[in-house]
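Since the structure comes first, as structure tokens, the remarks are kept for the end.
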Amino acid sequence: MSAHPSPAKQPAEPDAVAPPADCPICPRLAAFRHEWREREPGWHNAPVRSFLPREGAGSVRLLVVGLAPGVRGANRTGRPFTGDYAGDLLYSTLKHFGFAAGEFEARPDDSLHLVGAAITNAVRCVPPENKPTGQEINDCRRFLSPTIESLPSLRAIVTLGRIAHDSTLRALGAKLKDAPFSHGGTHEVGGFLVASSYHCSRYNTNTGRLTEAMFHDVFANVAEHLKVQP
Ligand code: SF4
């Protein structure tokens with residue numbers, strides 16, 4: 001018997017919301033995907049679809065918006081925050097607050113699943129050196145905006161890092177000056193609680209810019225907020 005029973009399959013992100021596997025809109029990122037496809041043909045090497053709970057988009061009350069796939073993380077495995085360090089803190093925190101269950105083993109076929117939460121990225125393709133250009137961030141918002149609109153029960157959004165925060169605000173039609181990024185900051189935007197955090201990258205945690213306690217505080221706030229939301 002397998003030590004890892006097959007997890008229930010997560011519902012696929014609808015095509016109307018997800019980029020096509022060969023999305024050509026950002027030429028630099030499309031070329032980078034092709035380069036990695038040549039180097040690592042067994043990897044995902046395509047835009048990464050949002051991670052949804054088994055119960056489907058209708059059950060999502062919390063959306064986490066990251067920056068972009070990591071080259072050896074989601075770009076390799078095809079699931080957001082899976083395969084590199086950034087997922088360790090994110091998924092342990094989501095589990096701590098009841099937004100995920102199962103075991104996170106950094107593989108898309110592990111038993112980890114989301115509960116009332118979804119995860120997406122502001123930019124769906126891996127950028128060189130984790131740095132998308134302003135144009136690429138703006139271009140990929142055509143997928144972030146409908147992702148938000150496709151979640152009818154959504155009440156709160158956690159943005160990881162300034163780029164994800166600013167792109168989310170723009171996707172919601174808000175002005176950046178009305179809800180500026182700050183770690184631990186919360187704003188009501190377009191009927192949602194938007195809570196911002198430093199990104200849970202290895203760099204930020206290694207340098208002490210983001211501690212587990214600081215990250216937990218962000219999600220504790222959101223969990224409290226969701227308790228009193230219909
Ligand atoms: S980053 Fe977004 S818009 Fe750009 S090529 Fe990838 S999926 Fe398309």
Side-chain angles (χ1 to χ4, degrees), residues 10-53 57 60 63-87 90 108 114 117-151 154 157-174 176 181 190 192 194 196-197 199-203:
Q10 71 170 90
E13 186 180 32
D15 286 344
V17 173
D22 57 351
C23 182
I25 293 168
C26 308
R28 185 181 78 118
L29 302 191
F32 198 52
R33 287 188 333 241
H34 289 303
E35 189 185 316
W36 274 99
R37 204 168 290 152
E38 298 276 303
R39 285 167 73 169
E40 296 287 353
W43 289 12
H44 177 71
N45 294 320
V48 174
R49 292 191 173 215
S50 305
F51 187 9
L52 297 174
V60 173
L63 175 67
V64 177
V65 183
L67 167 60
V71 71
R72 288 177 177 74
N75 176 64
R76 176 170 63 84
T77 66
R79 191 176 75 178
F81 289 87
T82 298
D84 58 8
Y85 177 81
L90 177 62
L114 299 173
I119 305 175
T120 196
N121 279 313
V123 175
R124 301 291 195 108
C125 294
V126 57
E129 298 175 6
N130 292 328
K131 288 187 182 133
T133 65
Q135 183 70 53
E136 290 159 357
I137 297 160
N138 288 340
D139 281 339
C140 208
R141 198 172 307 116
R142 74 190 64 202
F143 300 110
L144 179 58
S145 303
T147 294
I148 295 170
E149 287 162 12
S150 72
L151 304 172
L154 188 66
I157 303 174
V158 171
T159 56
L160 300 178
R162 183 182 300 275
I163 289 174
H165 181 80
D166 290 356
S167 196
T168 299
L169 286 190
R170 289 190 168 110
L172 294 172
L176 304 190
F181 173 83
F192 305 114
V194 176
S196 42
S197 170
H199 194 282
C200 49
S201 65
R202 183 196 289 268
Y203 178 82

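Computation of the quantities below employed the complete heavy-atom set of this structure, encompassing side-chain atoms and omitting hydrogens, waters and symmetry-equivalent molecules. Counting convention: from 1, in listed order, for ligands and their atoms alike. The structure presented is a predicted model; accordingly, all values stated were derived computationally and were not measured.
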Side-chain ([X]) to main-chain ([Y]) donor-acceptor, under 3.5 angstrom:
X: Thr77; Y: Thr82; value: yes
X: Arg49; Y: Ala18; value: no
X: Arg124; Y: Pro19; value: no
X: Thr168; Y: Ala164; value: yes
X: Glu13; Y: Ser50; value: yes

ask   = With backbone taken as N, CA, C and O and side chain as the heavy atoms from C-beta onward, which portion of Cys140 lies under 4.0 Å from ligand 1: side chain, backbone, both, or neither?
value =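 Contact part for Cys140 vs ligand 1: both backbone and side chain.
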inquiry  = Please work out, at 4.0 Å between heavy atoms, whether the side chain, the backbone, both, or neither of Arg33 comes within that distance of ligand 1.
reply    =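 Under 4.0 Å from ligand 1, Arg33 contributes side-chain atoms alone.
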Note the single closest protein heavy atom to [atom], along with its residue, its atom name and the distance in Å.
atom: atom 6 (Fe) of ligand 1; result: Cys125 SG, 2.3 Å
atom: atom 8 (Fe) of ligand 1; result: Cys23 SG, 2.2 Å
atom: atom 4 (Fe) of ligand 1; result: Cys26 SG, 2.3 Å

Quick one: which ligand 1 atoms are inside 4.0 Å of a heavy atom on [X]?
X: Val123; result: 1 (S)
X: Pro19; result: 7 (S)
X: Leu29; result: 1 (S)

ask   = Taking the inter-plane angle between the rings of Trp43 and Trp36 on a 0 to 90° scale, is it parallel (under 30°), tilted (30 to 60°) or perpendicular (over 60°)?
value =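 Geometry flag for Trp36 against Trp43: parallel rings.
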